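Note sheet for the following structure.
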2 protein chains.
Amino acid sequence: MIDNYLLEELVTFAKYGTLAATAEQLMVTQPTVTRGMQKLEEELGVTLFVRQPNRISLSKTGQFAAKAAQKALDQNQLFIDEVRKYELNQRVIQLGTVAPGPRMVVNSLRLASNTRLEQQFIAPEAVAPKLLSHDYTLIITNQELQTEQIEARYLGSESLSVNLDQFTYLANQPMVTFKELKGLSFIVLTDISLWRDIIQANIPQAKFLYQAQTTAFTEITKYSNFPYFSTNLSKLAPENHPDENDDRVRIPISDPAAKMDFYAAYLQQNRKIVAPLIKQLTAAWL
Amino acid sequence: MIDNYLLEELVTFAKYGTLAATAEQLMVTQPTVTRGMQKLEEELGVTLFVRQPNRISLSKTGQFAAKAAQKALDQNQLFIDEVRKYELNQRVIQLGTVAPGPRMVVNSLRLASNTRLEQQFIAPEAVAPKLLSHDYTLIITNQELQTEQIEARYLGSESLSVNLDQFTYLANQPMVTFKELKGLSFIVLTDISLWRDIIQANIPQAKFLYQAQTTAFTEITKYSNFPYFSTNLSKLAPENHPDENDDRVRIPISDPAAKMDFYAAYLQQNRKIVAPLIKQLTAAWL
DNA sequence: AACAATTACGGAATCCGTAAAAATT
DNA sequence: AATTTTTACGGATTCCGTAATTGTT
């Protein structure tokens with residue numbers, strides 16, 4: 001077993017080329033580095049340097065060793081990071097979502113002090129890795145993940161509606177289909193994650209006027225007749241939608257693709273920790 | 001950066017369950033381990049143990065940390081092993097072969113003192129990995145390997161012949177095909193590596209009487225009429241074949257599959273080291 | 001009473017920096 | 001003359017083992 005500080009000296013030397021520079025970089029004196037590299041060679045039983053009276057450089061084996069040493073140091077650092085991350089995960093629940101709907105549900109809750117909601121959305125394919133790497137304790141996702149280590153519990157669903165000007169033909173129907181919305185121009189918030197792909201894939205020849213800012217979105221919505229989307233969860237974030245003076249009519253979309261089920265996914269080993277939060281979420285879901 | 005001996009104490013504790021047993025295992029005293037684990041917790045800033053006045057055990061995080069620590073230790077050990085292996089490879093050429101033919105060529109040489117021939121054969125698909133991992137410096141193989149790091153030089157070929165009783169019909173032909181050997185029973189050495197698959201795949205309905213010992217092989221060959229195989233390289237190992245009093249006739253096999261080209265494969269970075277040996281091999285090849 | 005963990009204390013080994021030496025550019 | 005590496009030496013830190021303490025089984 002070789003001490004890490006020797007490995008670090010080797011790696012630093014490989015980068016800076018002289019013992020003097022290495023010492024300066026590591027904030028020690030040259031003799032320290034000299035002794036360190038001698039000790040490393042002795043412990044390995046291998047010559048790593050070619051020495052001339054006033055010059056020292058890595059042998060071929062030394063160059064190889066420097067690369068290998070970097071890997072060992074990386075693994076050591078990984079140990080530190082992973083353990084700290086794991087411990088944090090035991091203490092505070094890192095909560096993530098794949099879409100804005102569930103996030104609105106979470107925002108409507110009074111979260112326990114040990115719970116922290118991450119704002120950015122997680123791609124569905126990143127859910128399992130981020131759970132396994134202990135970056136998140138619980139992720140609300142649209143897939144019923146079930147693996148060796150992960151389990152998922154159903155929370156509720158989100159259904160898309162479209163808000164249409166009351167004088168249009170479609171506004172008088174009880175429901176509409178994506179097809180019937182063909183060719184319209186919609187005003188849409190940029191950050192709607194999963195729904196974006198769904199509306200783009202299902203509404204033919206439509207135009208989507210994406211707005212990055214919610215203020216821009218609400219203003220344009222208010223002073224125009226563009227249709228916009230909302231869901232059964234939208235009322236949990238009323239600030240996003242111009243309820244007052246909005247003379248549009250909310251019409252549910254009947255396509256199966258307009259309904260999305262959400263699940264709480266987490267590591268089985270964390271079941272007890274997340275149980276209260278899941279209970280809270282289920283109760284709050286509309 | 002965390003000292004490896006602390007990681008080792010943690011891993012050992014995870015295995016033995018008490019500080020006393022851990023200390024005994026590591027051949028230190030209990031206070032040493034107590035202090036070590038305290039220091040580890042302090043440096044990580046994380047609690048790894050649940051402490052009762054008279055009992056200490058790993059917390060959930062501690063169990064996780066023990067596993068992670070093992071990985072870090074493994075990487076450290078890997079560093080040591082790899083560097084030593086690399087250095088050995090710089091000093092002495094580790095020479096391997098995929099088949100007995102090339103090995104006979106090597107055995108016929110007076111090898112330089114820095115060259116060591118490994119006796120067991122290497123599977124063709126293992127050639128590249130074993131070069132890249134520095135287990136071997138040079139491998140004589142039947143594939144012309146060319147990758148980012150590996151290159152191969154042609155050495156020579158080996159051609160299969162069959163030795164038939166002089167009174168049989170086929171013995172009077174200048175050449176035979178695998179098909180013409182249909183249904184015969186052959187006496188064969190078990191350890192012929194690649195040729196085994198070739199004769200089994202190409203000679204229909206044949207029986208192969210495999211002999212693990214060369215003594216058994218030569219004895220049975222001598223006192224029976226079974227045909228056996230040899231190649232242009234066989235004469236380099238005359239002890240394997242009963243030349244005297246053998247009234248069989250050596251007939252070359254004309255199929256393309258009965259000829260095999262051999263190459264010296266090595267890492268480009270070792271080109272200079274292996275050059276003299278390759279020169280020697282090329283010269284010695286029949 | 002026996003056992004397990006922790007704390008206290010003293011000695012020993014290790015490690016580091018300063019200083020000096022050797023040799024090159 | 002200025003750099004670079006190596007060796008020598010003295011001090012300081014760290015680390016370890018023995019012994020004592022605490023509390024449980």
Side-chain angles (χ1 to χ4, degrees), chain A residues 1-63 65-66 69 72-73 76 80, chain B residues 1-63 65-66 69 72-73 76 80:
Chain A
M1 225 164 49
I2 294 200
D3 277 331
N4 289 312
Y5 72 92
L6 297 180
L7 301 184
E8 188 168 21
E9 287 178 5
L10 176 63
V11 169
T12 307
F13 178 87
K15 191 172 175 185
Y16 291 94
T18 71
L19 295 181
T22 303
E24 188 188 2
Q25 193 65 23
L26 298 177
M27 298 195 291
V28 293
T29 56
Q30 285 108 331
T32 300
V33 183
T34 296
R35 285 188 297 259
M37 295 300 88
Q38 286 169 345
K39 186 176 179 185
L40 180 59
E41 283 181 310
E42 192 189 355
E43 293 191 355
L44 284 172
V46 162
T47 301
L48 301 175
F49 299 90
V50 293
R51 296 159 205 273
Q52 294 160 313
N54 156 7
R55 167 156 248 89
I56 187 172
S57 55
L58 285 171
S59 68
K60 218 165 165 183
T61 302
Q63 292 168 27
L73 288 176
N76 190 282
I80 299 173
Chain B
M1 224 163 49
I2 294 202
D3 277 331
N4 289 313
Y5 72 92
L6 297 180
L7 301 185
E8 189 168 22
E9 287 179 5
L10 176 63
V11 168
T12 307
F13 178 87
K15 191 172 175 185
Y16 291 93
T18 72
L19 294 181
T22 303
E24 189 189 3
Q25 193 65 23
L26 298 176
M27 297 195 290
V28 293
T29 57
Q30 286 110 328
T32 300
V33 183
T34 296
R35 284 189 297 257
M37 294 299 88
Q38 286 170 345
K39 185 176 180 184
L40 180 59
E41 284 180 311
E42 192 188 358
E43 292 190 358
L44 284 173
V46 163
T47 302
L48 300 176
F49 299 90
V50 292
R51 294 159 207 274
Q52 294 159 311
N54 186 23
R55 167 156 249 90
I56 188 173
S57 55
L58 285 171
S59 68
K60 219 165 165 184
T61 303
Q63 292 169 26
L73 289 176
N76 190 283
I80 299 173

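Residue numbers begin at 1 in each chain, while the letters A, B, ... track the order of the sequences. Keep in mind that what you see is a predicted model, and the values were worked out from it rather than measured.
When heavy atoms are screened at a 4.0 angstrom cut-off, B/Phe49 is found touching no nucleic acid atom at all. Residue-level contact check: A/Thr34 touches the bases, meaning some heavy atom is under 4.0 Å from a base atom. Counting non-hydrogen atoms under 4.0 angstrom, A/Gln52 reaches nothing in the nucleic acid. Here B/Val28 lies in heavy-atom contact (under 4.0 Å) with sugar-phosphate atoms only.
Counting only heavy atoms from C-beta outward, the side chains of A/Glu43 and A/Asp3 never approach each other to under 4.5 Å. Side-chain contact between A/Asn76 and B/Leu7 is present, with heavy atoms from C-beta onward closer than 4.5 Å.
Checked against B/Val33 for a side-chain contact (heavy atoms from CB on, under 4.5 Å), the options B/Gln30, B/Met37, B/Arg35 give a single hit: B/Met37.
In this entry the distance linking CG of B/Leu19 with P of C/dA4 reads 10 Å, nearest Å. Remark: C1' of C/dT6 and CD of B/Glu41 are 13 Å apart, rounded to the nearest angstrom. Nucleotide D/dT14 holds its P atom 11 Å from the CD atom of B/Glu43, rounded to whole Å. Spacing between atom CG of B/Asp3 and atom P of C/dT14 amounts to 15 Å, rounded to whole angstrom units. Distance A/Glu24 CD to D/dT5 C1': 16 Å, rounded to the nearest Å. Between B/Tyr5 atom OH and D/dC16 atom C1' the separation is 10 Å, expressed in whole Å. What separates CE of B/Met37 from P of C/dA4 is a distance of 18 Å, to the nearest Å. In this entry the distance linking CD of A/Glu42 with P of D/dT6 reads 14 Å, nearest Å.
The two atoms that bring B/Phe49 and B/Leu10 nearest to each other are CZ-CD1, 4.1 Å, heavy atoms only.
Rounding to the nearest 0.5 angstrom, the gap separating the OG1 atom in A/Thr22 from the CD atom in A/Glu9 is 8.0 Å.
At least one side-chain nitrogen or oxygen of A/Lys39 sits closer than 4.0 Å to the OP1 or OP2 atom of C/dC15. Contact check, A/Gln38 against D/dT7: a side-chain N or O comes under 4.0 Å of OP1 or OP2. The side chain of B/Arg51 contributes an N or O atom lying less than 4.0 Å from OP1 or OP2 of C/dT6.
Closest to the A/Ala20 side chain, of the nucleotides D/dC15, C/dC16, D/dT5, is D/dT5.
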Name the pairs: protein N/O against N/O of nucleotides 18-25 of chain C, kept only if under 3.5 Å.
from   : atom 1 : to      : atom 2 : distance (Å)
C/dT24 : O2     : A/Asn54 : ND2    : 3.2

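By the 6.0 Å contact criterion, CZ on A/Arg51 is enclosed, its count of non-hydrogen atoms from other residues, nucleotides or ligands being greater than 12. At most 12 non-hydrogen atoms from other residues, nucleotides or ligands lie less than 6.0 angstrom from CD of A/Glu24.
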